[in-house]
Amino acid sequence: MAKTPQAIRGTQDIFGADAEAFAFVVETFERVRKLYRFRRVEMPVFEKTEVFSRAIGETTDVVSKEMYSFDDRGGESLTLRPEFTAGIARAYLSNGWQQHAPVKLATHGPLFRYERPQKGRYRQFHQIDAEIIGAAEPQADVELLAMADQLLKELGIEGVTLHLNTLGDGDSREAWRAALVEHFRSVKDELSEDSQERLEKNPLRILDSKDPRDRKHVDHTLDIDRFLTDGAKRFFDEVTAGLDAAGVKWTRAPSLVRGLDYYRHTAFEFIPDEGSEAAGKLGSQSTILGGGRYDGLMESLGGALTPAVGWAAGIERLAMLVGERMPERLEAVVLVENDAGMAEAIELVSDLRRGGVIADLMATGSPKKRYDKAVKQNPQYILRVDDGGYHGISGEGDASKIVAVLSNRNPSPRT
RNA sequence: GCGAUCGUAGCUCAGUUGGUUAGAGCGCCGGUUUGUGGUACCGGAGGUCGCGGGUUCGAACCCCGUCGAUCGCCCCA
């Protein structure tokens with residue numbers, strides 16, 4: 001026998017309860033985004049590599065070691081999308097969506113990052129994504145976060161808190177970064193190996209290092225607050241005031257920095273509370289939804305300065321938190337007691353489905369065992385068909401839909 | 001890229017200090033019973049014990065390598 005090829009490492013075949021939970025997340029997202037008038041967009045799964053390398057930043061982990069890149073037959077370097085935002089920004093520029101600005105967009109689908117898989121983390125994973133493009137005012141941040149908050153609530157997810165920070169505007173961030181580099185360089189030898197590396201590549205990250213050697217050198221004098229320009233401070237205050245008005249709970253997280261270069265001002269993550277049930281279900285992964293403002297991104301792709309803010313959430317991680325979802329209950333099984341009645345049974349099950357009844361046909365295997373198999377499906381009703389046609393129903397509960405279908409049918413030969 | 005743990009039937013798992021022909025439950029197929037809302041019983045198919053090498057009279061079991069999975073580090077959703 002030929003050998004079955006293996007699935008690619010880090011990909012998943014989702015089925016059963018997990019697939020139901022996955023679908024529930026997507027359906028709930030679709031419902032909620034409509035409440036906020038986010039418009040659905042469909043995006044390519046791959047782009048020219050430069051879309052991501054320029055937008056996300058060459059030195060980020062995502063670009064430097066996690067992209068699935070390949071040359072196509074024309075020799076052009078393409079990359080399977082590792083995130084949504086860069087591709088959406090490219091689409092916004094190449095399609096002239098400025099005409100719709102400010103525009104609220106939502107999408108979902110697969111993303112790809114070359115990483116070692118572990119709990120809640122895959123090479124092909126899935127996100128839901130929401131962006132507001134062309135809106136500079138803090139109210140956009142508030143609306144976006146209110147939607148995220150409502151989504152999590154409607155998914156029934158508890159024990160998760162919005163962690164909020166500001167990275168300031170360009171000037172604030174630059175001053176902050178310079179101060180951090182100066183500070184940490186003076187104690188470089190005492191930092192962890194990882195953080196000595198971060199010092200060159202991404203000094204902001206040292207702030208949220210878990211290594212005690214690094215923690216020793218981190219204190220509140222290094223928070224962004226001291227470096228914020230008046231404008232940046234005012235912006236953040238308006239965001240937090242808006243969240244309070246909208247009834248969205250949040251907590252300040254001064255060491256929260258996002259990994260990608262394009263973030264400005266607001267940065268946030270929804271994180272399970274320590275010791276909560278949600279935290280346990282997620283393993284060592286913590287962030288279930290994250291994002292921020294990226295006013296500088298469009299320029300890196302050659303567009304005009306365009307303020308924008310967005311977030312993405314891992315569908316798999318959300319699905320781990322929503323609990324068991326059962327498929328809709330089977331309402332009717334048409335049981336073929338004798339194969340001579342097969343045509344009649346097929347007609348009956350078709351009529352039931354057209355009448356909005358969730359129905360299945362049980363007509364395979366040993367005729368004597370069909371009844372047991374039907375019962376195992378736990379249907380609300382069983383309709384029996386033999387060589388004389390339909391001849392009986394048993395079950396309990398509301399049968400009005402089934403009765404309506406039966407009374408609209410041509411009388412079976414027996415009646 | 002690094003580390004830990006683990007690979008036995010379609011699935012979940014037993015398998016004694018290394019010892020005859022590797023087992024169970026579930027699922028699948030067939031039959032007997034029952035005779036119409038989850039019956040009981042009998043039987044059957046299904047395994048290169050992840051793969052390759054080594055030690056041994058003898059390896060699912062010990063050793064080495066390799067592939068894969070899981071969890072963690074890094075980073076992220």
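Please read these numbers as outputs of a predicted model, since none were measured by experiment. Within every chain, numbering begins at 1; the chains are lettered A, B, ... in the order of the sequence lines, protein sequences first and strands thereafter.
- Among the candidates A/T28, A/L318, A/V322, the single residue satisfying the side-chain contact (heavy atoms from CB on, under 4.5 Å) test with A/L152 is A/L318.
- If you check every strand for non-hydrogen atoms under 4.0 Å, A/R113 touches a base.
- There is no side-chain donor-acceptor pair under 3.5 Å between A/R173 and A/H265.
- Distance noted for atom C1' between B/U33 and B/A24: 25 Å (whole Å).
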Sugar-phosphate atoms are those with a prime plus P, OP1 and OP2; base atoms are the rest. Using that split, label each nucleotide of nucleotides 32-37 of chain B B, S or - for protein heavy atoms under 4.0 Å, 5' to 3'. S---BB

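- Separating the P atom of B/A45 from that of B/G25 is a span of 15 Å, rounded to the nearest Å.
- Between the side chains of A/Q127 and A/E83, not a single donor N or O lies within less than 3.5 Å of an accepting N or O.
- A salt bridge is absent between A/R31 and A/E27; no separation between the charged side-chain nitrogens and carboxylate oxygens falls under 4.0 Å.
- Between the side chains of A/D244 and A/W250, at least one donor-acceptor pair of N or O atoms lies under 3.5 Å.
- Both A/R198 and A/I8 lie close to RNA chain B; mapped to their nearest nucleotides by heavy-atom distance, the more 5′-ward contact belongs to A/I8.
- Here, B/U34 and B/C42 have their C1' atoms 15 Å apart, quoted to the whole Å.
- Judged by distance alone with a 3.5 Å cut-off, no donor-acceptor contact links the side chain of A/R258 to the base of B/C75.
- Atom-to-atom, CD of A/Q12 to P of B/A77 comes out at 17 Å; the value is rounded to the nearest Å.
- The closest side-chain donor-acceptor pair between A/R198 and A/S195 falls under 3.5 angstrom.
- Using P as the reference atom, B/G19 and B/C2 are 37 Å apart when rounded to the nearest Å.
- Rounded to an integer number of Å, the gap from A/E115 CD to B/A69 C1' is 18 Å.
- To the nearest angstrom, P of B/C76 lies 11 Å from CG of A/L204.
- Phosphate contact (OP1/OP2 of B/G38, side-chain N/O of A/K373, threshold under 4.0 Å): absent.
- Residue contacts shown for A/R9 are limited to sugar-phosphate atoms, with no base heavy atom under 4.0 Å away.
- Taking atom P on both nucleotides, B/U20 is separated from B/G72 by 40 Å, rounded to a whole Å.
- Base pairing annotation: B/C62 forms a Watson-Crick or G-U wobble pair with B/G54, both donor-acceptor distances under 3.5 Å.
- Rounded to a whole Å, the CG atom of A/D18 is 16 Å from the P atom of B/C11.
- B/C63 and B/U56 have their P atoms separated by 16 Å, with the value rounded to a whole Å.
- Here the straight-line distance linking atom CE of A/M67 with atom CZ of A/F112 works out to 14.0 Å at 0.5 Å rounding.
- A distance of about 14 Å separates the C1' atoms of B/G7 and B/G47, rounded to the whole Å.
- The partner of B/G38 cannot be assigned: no Watson-Crick or G-U wobble pair with both contacts below 3.5 Å exists in any strand.
- The distance from atom CG of A/L256 to atom C1' of B/A77 is 14 Å, rounded to the nearest whole Å.
- If you check every strand for non-hydrogen atoms under 4.0 Å, A/L289 touches sugar and phosphate atoms only.
- Applying the 4.0 Å criterion to OP1 and OP2 of B/G72, one finds that A/Q118 has a side-chain N or O inside that range.
- Where A/Q6 and A/K119 meet RNA chain B, the nucleotide closest to each residue was compared, and A/Q6 sits on the side nearer the 5' end.
- In this structure, A/S286 reaches the bases: a heavy-atom distance under 4.0 Å links it to at least one base atom across the strands shown.
- Residue A/K376 is in base contact, counting any heavy-atom pair closer than 4.0 Å across all strands shown.
- A salt bridge is defined here as a Lys NZ or Arg NE, NH1 or NH2 lying under 4.0 Å from an Asp or Glu carboxylate O, and A/R258 with A/E269 meets this definition.
- Using modelled atom types, one finds a donor on one side chain and an acceptor on the other under 3.5 Å when comparing A/D273 with A/T161.
- A/E269 comes within 4.0 angstrom of nothing in the nucleic acid, heavy atoms only.
- Judged by Watson-Crick or G-U wobble contacts below 3.5 Å, the nucleotide B/G10 has B/C26 as its partner.
- Side-chain contact of A/E131 with A/Y92: a donor-acceptor pair under 3.5 Å is absent, judged by distance alone.
- Both distances falling under 3.5 Å, in either a Watson-Crick or a G-U wobble arrangement, place B/U5 opposite B/A69.
- B/U33 is unpaired under the Watson-Crick or G-U wobble criterion, no partner having all donor-acceptor distances under 3.5 Å.
- Spacing between B/C13 and B/C76 at atom P, rounded to whole Å, works out to 34 Å.
- Nucleotide B/C75: unpaired (no Watson-Crick or G-U wobble partner with both distances less than 3.5 Å).
- Contacts of A/G283 with the nucleic acid, taken as non-hydrogen atoms under 4.0 Å apart, involve only primed sugar atoms and P, OP1 or OP2.
- Shown here, B/U16 forms no base pair; nothing in the strands shown gives a Watson-Crick or G-U wobble contact with both key distances under 3.5 Å.
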